[in-house]
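Worksheet: the structure to be examined is printed underneath.
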Amino acid sequence: MKNLKINNRFTAELPADPDETNEIRQVKNALFSYVNPTKPSNPKLIHASEEVADLVGISAEEIQSESFLNAFSGKEILPDTKPYAMCYAGHQFGNWAGQLGDGRAINLTEVEYNNDFFTLQLKGAGKTPYSRTADGLAVLRSSIREYLCAEAMYYLGVPTTRSLSLMLSGDEVLRDILYNGNPAYEKGAIVCRVAPSFIRFGSFEMLTARNELKNLKQFVEYNIKYYFPEIKGEPKEQYLQFFKKVADTTREMILHWQRVGFVHGVMNTDNMSIHGITIDYGPYGWLENYDPSWTPNTTDSQNRRYRFGNQPQVAQWNLYQLANALYPLINEAEPLEKILESFIIDFDSDYKTMFLSKLGIFTSTETDSKLITALETVLQLSETDMTIFFRNLSKVLKSDSAKDAIEKIQDAFYIPEEISGEILESWKKWFSVYIERLNTEDLSGENRAEKMNKINPKYVLRNYMAQLAIDAADQGDYSLINELYLLLQKPYDEQPESEKWFVKRPDWARSKVGCSMLSCSS
């Protein structure tokens, strides 16, 4: 891999764990520990992204090489590199969890290409000092989900990590998929993830919790230097600007999640990136029927902390924890509180604009908030598929009656016979107001539909689709992985040859493992 330019800024400039043994332990006064991946017994490349490879300086020809297979399965170490696992803490489901760290992720190296920097990270490459009681490995099903989802999100326009490669390790991994005392062996797999960095809110929380304030100051200044070089001024002002930048990019990310109906499922502070990118795809999902209370995470099934409708509030709560971590460098609460208060105010304003754009409305009036609230209510009267509803809404014309409009979106109803009586009247009432509002817009129907179809995707990675690819892959058939990979590269295009994927969740997927709720091992 001749164009892979190694530039390990993180390990060169930040404090390392002096203990290089791979034993589970508390790691203090360090931001990372050196650790090598566990060598797989018989790695096999299932899929790789030529686009992501090109992004970091790897050619399409090199993807097929033995050196690529060995490097990105963890079998061999890239020349002039020293892999490492990061030390960080976090709040999990609202509770302080102390040291967490990269328990099943190992950073291979940082690379520089075309004046951009990327971290290459293996997920599922074996035990690290932060693995706690786990083995640091990953299974094929979770690896397929992560590999496909990161790329699906990217093409949807959602800030995210990228996926370079998906490989089988050749080893069996013991997992209890439902945490119900029935573990079984599954195929092991490894995903190579790519991002500017994998630095999390929890990285800062760890340093402050341990009162390692010298390291905290160094780390914040490191982040500003390399990731936010536009920040200038006195140190305290720089730290506040840094926090504001993270808050702003986080808000933008969450706004995109809500736009496409994505639910992360595990919004712990250790799963929040300082770059405002989606990281750590575990029990995620897309809304099938529009249900703001839905979460894909079995661990969260009782309290539903990470439900779809709560994601903006959780993001703000997580930013509070980051603010607490940065406070010792600033020693003033008020400027941090102002940024936190403005987060939800700005989000609500942006959300209104975003939601109106999904409706094909690109101006704003005082009554538009009522129109949005009324739709969010009527969508929940009977199961209504979010993706299909908003996509088909572009077919509604200014000249349509409410009855015409309902016919154009009726494919979104899971139980069509329920659309009668009071529910039908509620839909008629909403569409009457909506069509009246459309007639105040200057856009022609064709132009409005075109703009709406660039905002409302036709294809998303529904959980049942990923599960079909997983089931096939378990039998050695990887063709569906590639089919979905190609489909999801053009989620806003009609792709008439792929209409079979523009359908509601099938009934068999309502309760099937992997298709509704998932565990954190998923």
Side-chain angles (χ1 to χ4, degrees), residues 14-15 28-29 31 86-101 197 199-255 257 264 266-277 279 303 305-306 309-351:
L14 296 170
K28 298 183 178 180
N29 294 302
L31 279 153
M86 294 167 58
C87 180
Y88 48 82
H91 282 81
Q92 298 192 324
F93 300 96
N95 299 307
W96 175 244
Q99 178 181 296
L100 296 167
S197 84
I199 295 169
R200 302 124 186 286
F201 291 11
S203 306
F204 303 90
E205 288 186 279
M206 183 81 276
L207 298 172
T208 301
R210 288 177 168 168
N211 203 34
E212 296 175 13
L213 301 187
K214 180 182 176 182
N215 287 345
L216 175 67
K217 183 175 185 295
Q218 180 186 0
F219 192 43
V220 173
E221 291 176 353
Y222 169 91
N223 279 272
I224 292 171
K225 175 182 177 182
Y226 288 123
Y227 305 122
F228 305 93
E230 69 278 11
I231 292 177
K232 307 294 181 185
E234 294 298 314
K236 184 182 291 188
E237 180 57 32
Q238 288 192 36
Y239 306 148
L240 283 169
Q241 287 184 55
F242 167 70
F243 181 61
K244 180 68 162 58
K245 290 275 187 181
V246 174
D248 286 346
T249 54
T250 299
R251 185 182 76 248
E252 181 181 348
M253 176 187 72
I254 301 295
L255 196 71
W257 289 4
H264 185 277
V266 203
M267 286 182 67
N268 299 329
T269 58
D270 57 295
N271 293 337
M272 298 292 289
S273 164
I274 58 136
H275 303 290
I277 59 175
I279 58 173
N303 296 321
R305 175 182 177 84
Y306 297 145
N310 203 37
Q311 290 183 137
Q313 289 71 31
V314 171
Q316 184 193 42
W317 191 92
N318 288 344
L319 284 162
Y320 264 101
Q321 310 318 311
L322 179 59
N324 288 336
L326 297 176
Y327 176 79
L329 301 181
I330 298 166
N331 287 313
E332 284 185 71
E334 185 178 358
L336 290 167
E337 290 170 349
K338 284 184 177 179
I339 294 169
L340 289 163
E341 289 167 4
S342 70
F343 177 86
I344 287 295
I345 294 171
D346 292 343
F347 181 88
D348 288 343
S349 175
D350 291 345
Y351 181 82

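Side-chain atoms are counted along with the backbone in the values below, which use heavy atoms only and exclude waters and symmetry mates.
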- Ionic contact status for K338 with E334, cut-off 4.0 Å: yes
- Query: Is the shortest side-chain N to carboxylate O distance from K245 to D248 below 4.0 Å?
  - Reply: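 Between D248 and K245 there is no salt bridge, as every charged N stays at least 4.0 Å from the carboxylate O atoms.
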Heavy-atom pair of closest approach, residues [X] and [Y]:
X: W96; Y: A209; value: CZ2-CB, 3.6 Å
X: N271; Y: V266; value: ND2-O, 2.9 Å
X: A315; Y: T250; value: CB-CG2, 4.1 Å
X: V246; Y: L322; value: CG1-CD2, 3.8 Å
X: G90; Y: L100; value: N-CD1, 3.7 Å

- Any side-chain donor paired with an acceptor under 3.5 Å for T249 and H275?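 Per modelled atom types, T249 and H275 side chains form no pair under 3.5 Å.
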- Note on the structure: Checking Q218, K217, K225 against E221 for side chain to side chain donor-acceptor pair (under 3.5 Å), the one that qualifies is K217
Any donor-acceptor pair under 3.5 Å from [X] side chain to [Y] backbone:
X: T269; Y: H91; answer: yes
X: Q241; Y: K232; answer: yes
X: Q321; Y: W317; answer: yes
X: S349; Y: D346; answer: no
X: E205; Y: A325; answer: no
X: Q311; Y: H264; answer: yes
X: Q99; Y: C87; answer: no

- Query: Is the distance between the ring centroids of F243 and F204 under 6.0 Å?
  - Reply: no
- Message: I want to know whether Y227 and F242 have ring centres closer than 6.0 Å.
- Response: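 Between Y227 and F242, the centre distance exceeds or equals 6.0 Å.
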Check whether any side-chain heavy atom of [X] lies under 4.5 Å from a side-chain heavy atom of [Y], and answer yes or no.
X: T208; Y: P328; result: yes
X: W257; Y: M267; result: yes
X: R210; Y: N215; result: no
X: F228; Y: I274; result: yes
X: F201; Y: Y88; result: no
X: F219; Y: L207; result: yes

To the nearest 0.5 angstrom, please state how far the [atom1] atom of [X] sits from the [atom2] atom of [Y].
X: Y222; Y: L31; atom1: OH; atom2: CG; answer: 9.5 Å
X: I231; Y: I224; atom1: CD1; atom2: CD1; answer: 5.0 Å
X: Q313; Y: R305; atom1: CD; atom2: CZ; answer: 11.0 Å
X: L213; Y: L329; atom1: CG; atom2: CG; answer: 7.0 Å
X: I345; Y: D350; atom1: CD1; atom2: CG; answer: 12.0 Å
X: D348; Y: R251; atom1: CG; atom2: CZ; answer: 10.5 Å

- Parallel, tilted or perpendicular: which describes the rings of Y351 and F347, with under 30° parallel and over 60° perpendicular? parallel
